[in-house]
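Okay, so here's the structure we're looking at.
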There are 2 protein chains.
Amino acid sequence: MKRLDDDASRAWQLLMRFFFSQRSHLPSCAADIRLSPVQCHVLHLIEPGQAMPMSRLARTLSCDASNVTGLVDRLEREGLIERQSSPEDRRVKVLALTPAGSRLRSELLRRVTDRPQPLARLTPEERKALVRILEKLFDQHVETSD
Amino acid sequence: MKRLDDDASRAWQLLMRFFFSQRSHLPSCAADIRLSPVQCHVLHLIEPGQAMPMSRLARTLSCDASNVTGLVDRLEREGLIERQSSPEDRRVKVLALTPAGSRLRSELLRRVTDRPQPLARLTPEERKALVRILEKLFDQHVETSD
DNA sequence: TATTGTTATACTCTATAACTATA
DNA sequence: TATAGTTATAGAGTATAACAATA
């Protein structure tokens, strides 16, 4: 008996699989400075010149605030990001890339797309289709930036 | 200046993001028995009636063998899988689902696709397209089952 | 000699609970 | 009273190196 949702199930399996198979590949992109997958992701999420409150990071990562504290501690210790107190609400701390963090982030992005990687095996049209579908996947639960 | 690989970069970002945003959702699927994301994934990877050598699991997860030892210890402690010595090569240990593991695996698969989840927001055609593209992504580095 | 899996060790990741400081 | 972030704690995830058993 073939279920209606076979494709959904298969897609889910492949998405998870993609992540776990790429995990080890990922930090090797930043061979110079050892970064864990989550740390790479955080660096990726913080855009240059656009501060990100810690609470928003916790929501985006779907994790507890206490976890973000540790993550930020380590990235700050590496000199890649820094905490800044928000003038509007003094409880809030916003994260910003340091020059070094900004540089490493660009480097990461460059390497991810440069290499002979799985994504390179797709045609440009397929990449576009993939992006469109994934963006639809996120339409409703992108971080509520309130 | 717009790079040629903008879509690849965007796709990569979205794929990582999908994983991190789904992480917390995932174990709540197995609300009764607390399983971590990796544990869910391992349970997903071991198909009923089809034994999997530990070394293959390490390759599929792109992680060290010592890590698999710990993962398997915990899943075995929960009574979900079991180690069996391979008769052909006595160094090898193969993993098999227990009846309980098999039951939980089905339950997981069912819940993943049943719920009002991101994947449900795609049209059937989009799900098919997504699966096709992701499968192509894996064409060359599926586990070499030697 | 090379490979499979384990152990010991040392991190990082993660959640829970209790806390401080703001609002 | 509620929210943002921290601390303390405990456990899971992960890699490295050294090891045992087998090939």
Side-chain angles (χ1 to χ4, degrees), chain A residues 16 19-28 30-31 33-43 51-78 80-95 143-144 146, chain B residues 19-28 30-31 33-43 51-78 80-95 144 146:
Chain A
M16 287 301 142
F19 177 80
F20 284 105
S21 69
Q22 289 305 294
R23 229 179 6 166
S24 68
H25 182 116
L26 219 160
S28 74
I33 304 176
R34 273 288 201 230
L35 289 183
S36 75
V38 209
Q39 287 172 340
C40 284
H41 190 51
V42 169
L43 209 63
M52 153 101 78
M54 291 183 69
S55 52
R56 188 141 74 94
L57 188 52
R59 275 204 307 279
T60 306
L61 294 177
S62 313
C63 76
D64 192 84
S66 62
N67 187 15
V68 172
T69 298
L71 280 171
V72 169
D73 282 347
R74 287 180 285 271
L75 285 169
E76 202 171 31
R77 191 202 302 154
E78 300 292 332
L80 299 172
I81 64 177
E82 59 180 13
R83 284 177 240 238
Q84 297 165 349
S85 284
S86 166
E88 292 120 28
D89 184 338
R90 280 158 56 205
R91 293 172 302 180
V92 173
K93 283 176 189 161
V94 295
L95 305 173
E143 69 282 3
T144 47
D146 47 332
Chain B
F19 177 80
F20 285 106
S21 69
Q22 288 304 296
R23 229 179 5 167
S24 68
H25 181 115
L26 219 157
S28 74
I33 303 177
R34 273 287 199 233
L35 288 184
S36 76
V38 209
Q39 287 171 342
C40 285
H41 190 50
V42 170
L43 209 62
M52 154 103 76
M54 291 182 70
S55 53
R56 187 140 76 92
L57 187 53
R59 275 203 309 279
T60 306
L61 294 177
S62 312
C63 77
D64 192 86
S66 62
N67 187 16
V68 173
T69 297
L71 281 171
V72 169
D73 281 348
R74 288 181 285 273
L75 285 168
E76 202 170 30
R77 192 203 300 152
E78 299 293 333
L80 299 173
I81 63 177
E82 59 180 14
R83 284 178 240 236
Q84 298 165 347
S85 285
S86 166
E88 293 119 28
D89 185 337
R90 280 157 56 204
R91 293 173 303 181
V92 173
K93 283 176 190 160
V94 295
L95 305 173
T144 46
D146 47 328

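What you see below is based on every heavy atom in this structure, not just the backbone, and it leaves out hydrogens, waters and symmetry mates. First the proteins, then the strands, lettered A, B, ... as listed; each starts at 1.
- A straight line from CG of B/D73 to C1' of D/dG13 spans 13 Å, rounded to a whole angstrom.
- Side-chain atoms of A/L71 lie closest to C/dC13 of the nucleotides D/dG13, C/dT6, C/dC13.
- Between the CZ atom of B/R83 and the P atom of C/dT4 there is a distance of 16 Å, given to the nearest Å.
- Distance CD1 (A/I81) to P (D/dG5): 12 Å, rounded to an integer number of Å.
- Between the CZ atom of B/R74 and the P atom of D/dA10 there is a distance of 18 Å, given to the nearest Å.
- Distances shorter than 4.0 Å separate none of the side-chain N or O atoms of A/R59 from OP1 or OP2 on D/dT3.
- Closest of all the heavy-atom pairs between A/R83 and A/L95 is CG-CD2, 3.9 Å.
- Nearest-nucleotide positions on DNA chain C for B/F20 and B/V92 put B/V92 closer to the 5' end.
- Nearest heavy atoms, A/M52 versus A/L57: SD-N, 3.9 Å.
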**OP:** Quick one, give me the B/S/- string for nucleotides 15-23 of chain C, reading 5' to 3', where B means a protein heavy atom under 4.0 Å from the base and S means that only happens at the primed atoms, P, OP1 or OP2.
**Re:** BB----BBS
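- Minimum heavy-atom separation, A/Q39 to A/L71: CG-CD2, 4.4 Å.
- Rounding to whole angstrom units, CG of residue B/L61 and C1' of D/dA15 are separated by 14 Å.
- The side chain of A/M54 has D/dG5 as its nearest neighbour among C/dG5, D/dG5, C/dT12.
- Going from atom CD of A/E78 over to atom CG of A/D73 covers 11.5 Å, rounded to the nearest 0.5 Å.
- Atom-to-atom, CG of A/L80 to C1' of C/dT12 comes out at 16 Å; the value is rounded to the nearest Å.
- Look at NE2 on B/H41: it is 15 Å from C1' on D/dT14, rounded to the nearest Å.
- Phosphate contact (OP1/OP2 of C/dT4, side-chain N/O of B/R56, threshold under 4.0 Å): absent.
- Nucleotide C/dT14 holds its P atom 11 Å from the CG atom of A/L57, rounded to whole Å.
- Within the 4.0 Å cut-off from OP1 or OP2 of D/dT7, not a single side-chain nitrogen or oxygen of A/T69 is found.
- Summarising the geometry of A/M54 relative to A/V72, their closest heavy-atom pair is CE-CG2, 4.0 Å, with the distance given to 0.1 Å.
- Of all non-hydrogen atoms in A/F20 and B/S62, the two that sit nearest each other are O-OG, 3.5 Å.
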Original post:
Can you list the steps and then say if B/L61 with B/N67 is a side-chain contact (heavy atoms from CB on, under 4.5 Å)?
Top reply: CA-CA 10 Å; B/L61 294 177; B/N67 187 16; 6.0 Å; no
